[in-house]
Amino acid sequence: GDSVTQMEGPVTLSEEAFLTINCTYTATGYPSLFWYVQYPGEGLQLLLKATKADDKGSNKGFEATYRKETTSFHLEKGSVQVSDSAVYFCALSSYNTDKLIFGTGTRLQVFP
Amino acid sequence: SQTIHQWPATLVQPVGSPLSLECTVEGTSNPNLYWYRQAAGRGLQLLFYSVGIGQISSEVPQNLSASRPQDRQFILSSKKLLLSDSGFYLCATTGTARSNTEAFFGQGTRLTVV
């Protein structure tokens with residue numbers, strides 16, 4: 001069945017470091033891909049999305065590119081801030097079933 | 001815009017007691033609806049989802065069931081709770097059935113089975 005695998009955390013970085021959080025997926029058909037973020041004490045919110053191969057989603061300095069050939073949707077940011085500390089979830093939505101599946105989440109901790 | 005109402009916010013129930021968590025959606029019709037359980041280290045586990053009234057897909061065989069008696073109402077139930085049912089339960093919607101739209105989440109229910 002459809003699934004999402006993302007790297008385990010926590011990821012610990014210094015401010016202004018480069019961030020990569022890996023995400024790979026397994027799906028039939030052509031899913032849409034998402035990154036959600038959960039800040040401490042808050043609910044999940046959409047960070048960015050991509051709906052077809054080679055699309056690049058971007059928001060707040062974060063980027064992710066839908067790579068069909070490697071079934072990946074890695075999240076990147078060139079320079080992280082302390083305020084980026086949160087849990088990041090990769091997710092996919094199946095085209096033919098509308099099933100919405102999340103990865104296990106990756107905790108990011110950024111220190112000054 | 002759509003809004004999700006989920007209640008109660010916290011619940012403490014004894015083992016063997018029944019459960020009913022309710023979720024309602026405003027601002028959209030014929031929404032896709034989802035129940036998740038969020039546990040530390042396991043992320044968001046999809047329990048059930050529904051693309052229409054009376055249509056329920058179960059993802060994880062377990063002690064829980066779901067029902068959708070009305071278009072914008074989604075209920076999570078159990079006849080007899082187990083200790084392992086403790087967790088944080090989230091209801092979500094992607095609005096009118098589309099696979100590429102943003103999901104909106106309720107505030108969640110923290111369930112503790114004692």
Side-chain angles (χ1 to χ4, degrees), chain A residues 1-10 21-23 25-53 55 57 59 66 73 86-108, chain B residues 1-7 9-10 23 25 28 30-53 55-61 66 68 74 87-110:
Chain A
D2 296 353
S3 65
V4 174
T5 302
Q6 61 182 108
M7 61 189 291
E8 290 191 23
I21 300 178
N22 291 337
C23 172
Y25 68 90
T26 302
T28 55
Y30 304 96
S32 295
L33 301 174
F34 307 84
W35 277 100
Y36 283 81
V37 58
Q38 186 175 33
Y39 297 103
E42 298 184 15
L44 277 84
Q45 55 187 277
L46 179 67
L47 179 60
L48 53 84
K49 71 176 184 182
T51 59
K52 60 183 187 295
D55 266 2
N59 186 24
Y66 189 142
F73 192 54
V87 181
Y88 293 81
F89 293 90
C90 186
L92 75 79
S93 179
S94 299
Y95 177 76
N96 55 343
T97 67
D98 283 340
K99 187 163 61 174
L100 181 59
I101 297 171
F102 287 80
T104 54
T106 302
R107 181 174 299 279
L108 170 65
Chain B
S1 64
Q2 50 213 315
T3 306
I4 295 188
H5 300 284
Q6 186 181 343
W7 67 92
T10 59
C23 169
V25 180
T28 185
N30 190 30
N32 285 351
L33 296 171
Y34 306 84
W35 276 112
Y36 294 91
R37 179 164 54 203
Q38 185 174 18
R42 296 190 62 187
L44 281 170
Q45 182 184 29
L46 178 62
L47 302 176
F48 303 94
Y49 71 103
S50 172
V51 299
I53 296 175
Q55 301 179 57
I56 308 294
S57 296
S58 174
E59 290 300 299
V60 183
R68 185 169 176 175
F74 203 26
F88 189 59
Y89 291 83
L90 284 164
C91 180
T93 182
T94 53
T96 301
R98 291 289 186 273
S99 65
N100 61 355
T101 55
E102 177 178 0
F104 294 90
F105 289 82
Q107 291 302 301
T109 297
R110 174 78 58 192

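Each chain gets a letter, A, B and so on, in the order its sequence line appears, and its residues count up from 1.
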For A:Q45, does the CD atom sit with more than 12 other heavy atoms under 6.0 Å from it, leaving out its own atoms?
yes
Tell me, out of A:L100, A:L92, A:L46, who's got the most heavy-atom pairs with chain B below 4.5 Å.
A:L100
What part of B:Y36 is in contact with chain A, defined as an atom under 4.5 angstrom from a non-hydrogen atom: side chain, backbone, both or neither?
side chain
Measure distances from A:E42 to the heavy atoms of chain B and classify the residue's part below 4.5 Å as side chain, backbone, both or neither.
neither
Hey, does the side chain of A:Y36 reach the backbone of B:A103 with a donor-acceptor pair shorter than 3.5 angstrom?
yes
Rounded distance [0.5 Å steps], OH in B:Y34 versus NZ in A:K99:
10.5 Å
Please find the pair of heavy atoms, one from B:L44 and one from A:F89, that lie closest to each other, and give the distance.
N-CE2, 4.2 Å
